[in-house]
Amino acid sequence: WADEQLSSGKIALKKEVKFLTLDDIGLGFFDYQSPWAQNRINSGYRLSEQQCLIKQKLYDNHISPRIGSCKLTNLDNTTLDRVRESLLQSKTLTTGKPLTGSTINKALSVLTAIIEYADRKEYIKRPPSIQRVSPRLHRKERIVLPHNEVISLFADITNWQYVRPKSRAGKSVNPEKAHRYSNDEIDPDNLRAYTVCYLAWKTGMRESEIQGLTQADIEFTPTGESLISITKAWNKMFRRINVTTKTGKIGVVPLDRRGT
C-alpha cells in the first residue's frame, strides 16, 4: 500500500524537503501569475504586475546572490543576520552609494514572505526571525523649495528659456538640439516640463497621473473653470497606461483659467 501511494504521488517522503534550497522557491516566486500573487489578489489585496516585478528583482539582485543556494533546513537567525549585515555593507551599482534603509527593508520583507510560505508548507520547523533596519538609514534628503521661490519660478517664463548646453567630460551634447534654438527662445521640451510642473504644483497630481491625462479627461465649464478627472496613470516601467491610479481611486480636480 505504501509503495502504491508513493508511486501515485499522493504522499511524499518528508526527507525530500531537506534538499530544497531558497532558490528552489524564490526564483519566480513573485511572478504575477504565481500562486503567491494570485492568493494575495484573491484575498482582497491590491497587487500590481509592477509591484510583483519589483519584488522579484529585489530577490534576484539582493537575496539570491547571498543565500540562494542555502538549504531551507539550514536557515537560522545567524544566517539571516549575515544577510542583513551584508546588505548594510552593500552599495548600488549606479551611484556607488550605500543602500538606503528603505531598500534594505524591502529586500528583507521579500525574504520574510518566502520564509512564511516555507513555514506554511512545513518545509522548515522553526522559521527564523529577521531584524529590520532604520528606514532613515542613508535616506536621500529631499530638496524643498520655499513658497516664495516656487512663486518666482513659475511667475517668470524666462526661467524656462533654452540654455545652450556645455560639453562636460564623459557626456555628449546633442548638436541638433544645440543649434535649433537661440538663447532667447523657449525650448518646447522645457515648455512641456513647465506645464507638467505647474499642474503638479496647483493640483497635487502625481507625475504618472499627469502623464496619463488625455483631452477627454479635461472638461471646460461656462464659468471658465476646468475640471480634471483623474482616472488612470502612466506606467513608466511598462510604458503603458494603467487603468487605475496608484491608490485605485478616482478624483476630480478643479482648475480655473488663471491656473489656481
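Keep in mind the model is a prediction, meaning the values are calculated, not measured. Scope of the values below: all heavy atoms of this structure, side chains included, with no hydrogens, waters or symmetry mates.
N242 CG to Q50 CD: the interatomic distance, rounded to the nearest 0.5 Å, is 7.0 Å. Interatomic distance, SG of C197 versus CZ of R192, reported as 12.5 Å (0.5 Å rounding).
Using modelled atom types, one finds a donor on one side chain and an acceptor on the other under 3.5 Å when comparing D60 with Q56. A donor-acceptor pair shorter than 3.5 Å cannot be found between the side chains of T78 and D81.
Both V110 and I130 belong to a single network of hydrophobic side chains, linked directly or stepwise wherever heavy atoms of I, L, V, M, F, W or Y lie under 4.5 Å apart. Criterion: ILVMFWY side-chain heavy atoms under 4.5 Å apart, direct or through other members. Under it, I41 and I54 are part of a common hydrophobic cluster.
Identified under the salt bridge (charged side-chain N to carboxylate O under 4.0 Å, His left out) test for residues 208-220, with sequence neighbours left out: R206-E209, D217-K232.
At a threshold of 4.5 Å between non-hydrogen side-chain atoms, the residues I114 and Y59 count as touching. L108 has its side chain within reach of L87: a pair of non-hydrogen atoms, C-beta onward, lies under 4.5 Å apart.
Ring centroid separation for the pair Y117 and W36 does not come in under the 6.0 Å cut-off.
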Which pairs would a plain distance check flag for residues 26-34, meaning a side-chain donor or acceptor within less than 3.5 Å of a matching protein atom at least two apart in sequence or in another chain?
unit_1, atom_1, unit_2, atom_2, d
S34, OG, F29, O, 2.9
S34, OG, D31, O, 2.6
S34, OG, A37, N, 3.3

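Listed by chain and number, the residues in a salt bridge (charged side-chain N to carboxylate O under 4.0 Å, His left out) with R126 amount to none (sequence neighbours excluded).
Annotation for P127 and I115: closest pair CB-CG2, 3.9 Å, computed over non-hydrogen atoms.
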